[in-house]
**Student:** 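Provided herewith is a single structure, encoded as structure tokens, for subsequent inquiry.
Side chains are part of it too, since the values below use all heavy atoms of this structure and drop only hydrogens, waters and symmetry mates.
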Amino acid sequence: MTNSFKQPGNGRLLRKIRTLVSESEPITTEGLLKAIHGDKVRHIFQCPKHGAYSIHLAPGVDPKTHPHVCPICAEEEAKLRQARQYQRASMHKAADVVSAFLRDEGVSVPDIRTFDDYVPKTDKQRFAKSVCERFANGFLSRVYEGKASTGICMIGSYGTGKTHLSTAILDVLRREDVPGIIVRVADLVDALNADPSKVAKRIGALAKVSCLVLDDIGASTLTDSEQKRIYQILDARLQAKLPTIFTSNLDGEDFARAINGRIVSRIEGSTYRMPIVGPDHRRTAPTVDDLLGKR
């Protein structure tokens, strides 16, 4: 362990302490403080959490005008900031790794949309938008508290805005510099199985992404091995205390028939089920202006 007194600039302090130690009277705390701080005045304060602490100021300096904090609190705050920076960096790196392997495997992902672009037409859609906005805005606080593992399962028919709301959440996280990932389930399992030697590493990265959106689950039949991959991803993310968002056009018995029972159980136990009911915005018929352009 490095002795701080051996650091450059501490020679004078070291000589003072050696002088005190060599004197006939035993060294005292006050004597040591005197050697360190000279003629500065000691002011004692109380930290509600850690008890008494002191600061030394030049004579005549009012401690009320001198900023000070409990040194233990300051150390704890510094460690907390460092831990949070590490969490953010880890989530950012994971998103980079996942984006790279999806790109390498030729997987396209939906465009990122915003909450401003989402225009709800029903009460269910308004409620869903409100929940998703609150989910996104409080995301980092929940991560820091270790309470972010609960995700969302958006259930609804085609064109009601499930994917739009999911990407709007990721838009907020991207601006917080903790980007998430959205990928269609069928495309993800194809990408994972493309190179068996990299499956473990890729699932490890998927586990650490800030928010993973598994889009359109149940849209196609998955083999037992493909469903195993989804289970592994979900289980790893639960252990990492990070949320997964699912979107599906299926509900009830149809959902249960399309997906392995173990996965259904995990989804139901780790997500808030949110029906999104509204008209299919994709069925709006194009106008002649859409065809020819306005002149």
**Student:** Would you say Ile169 and Val119 are hydrophobically clustered, going by side-chain heavy atoms of ILVMFWY under 4.5 Å?
**Tutor:** no

**Student:** Of Thr271, Ile259, Thr244, Asp235, which is the lone residue that meets side-chain contact (heavy atoms from CB on, under 4.5 Å) with Arg266?
**Tutor:** Asp235

**Student:** Take Val107 and Val183 through the side chain to side chain contact (heavy atoms under 4.5 Å, CB included) test and state the conclusion after the steps.
**Tutor:** CA-CA 8 Å; Val107 175; Val183 59; 3.9 Å; yes

**Student:** Do Tyr86 and Arg81 have a side chain donor and acceptor closer than 3.5 Å?
**Tutor:**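 Side chains of Tyr86 and Arg81: no pair found under 3.5 Å.
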
**Student:** Cut-off 3.5 Å, side chains only: do Asp117 and Thr114 have a donor facing an acceptor?
**Tutor:**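 Judged by distance alone, the side chains do pair up.
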
**Student:** Stepwise, does the side chain to side chain contact (heavy atoms under 4.5 Å, CB included) test hold for Phe246 with Met154?
**Tutor:** CA-CA 6 Å; Phe246 295 88; Met154 301 188 198; over 6 Å; no

**Student:** Using 4.0 Å as the upper bound for N to carboxylate O, is an ion pair formed by Arg202 and Glu105?
**Tutor:**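 So Glu105 pairs with Arg202 through a salt bridge.
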
**Student:** To the closest 0.5 Å, what do you measure between OG (Ser225) and CG (Asn193)?
**Tutor:**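 Here the rounded value is 5.5 Å.
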
**Student:** Looking at Lys93 and Asp96, is any side-chain nitrogen of the basic one under 4.0 Å from a carboxylate oxygen of the acidic one?
**Tutor:**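 Here Asp96 does not pair with Lys93 in a salt bridge, since their nearest N and O are not under 4.0 Å apart.
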
**Student:** Thinking salt bridges, do Lys129 and Glu133 make one under a 4.0 Å N-O criterion?
**Tutor:**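 No, this pair does not count.
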
**Student:** Output, in order, the C-alpha distance, side-chain angles, deciding distance and verdict of side chain to side chain contact (heavy atoms under 4.5 Å, CB included) for Leu80 and Arg84.
**Tutor:** CA-CA 6 Å; Leu80 183 61; Arg84 289 179 174 180; 3.8 Å; yes

**Student:** Are Lys228 and Asp224 within salt-bridge range, i.e. N to O under 4.0 Å?
**Tutor:**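 A salt bridge is absent here (no side-chain N lies under 4.0 Å from a carboxylate O).
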
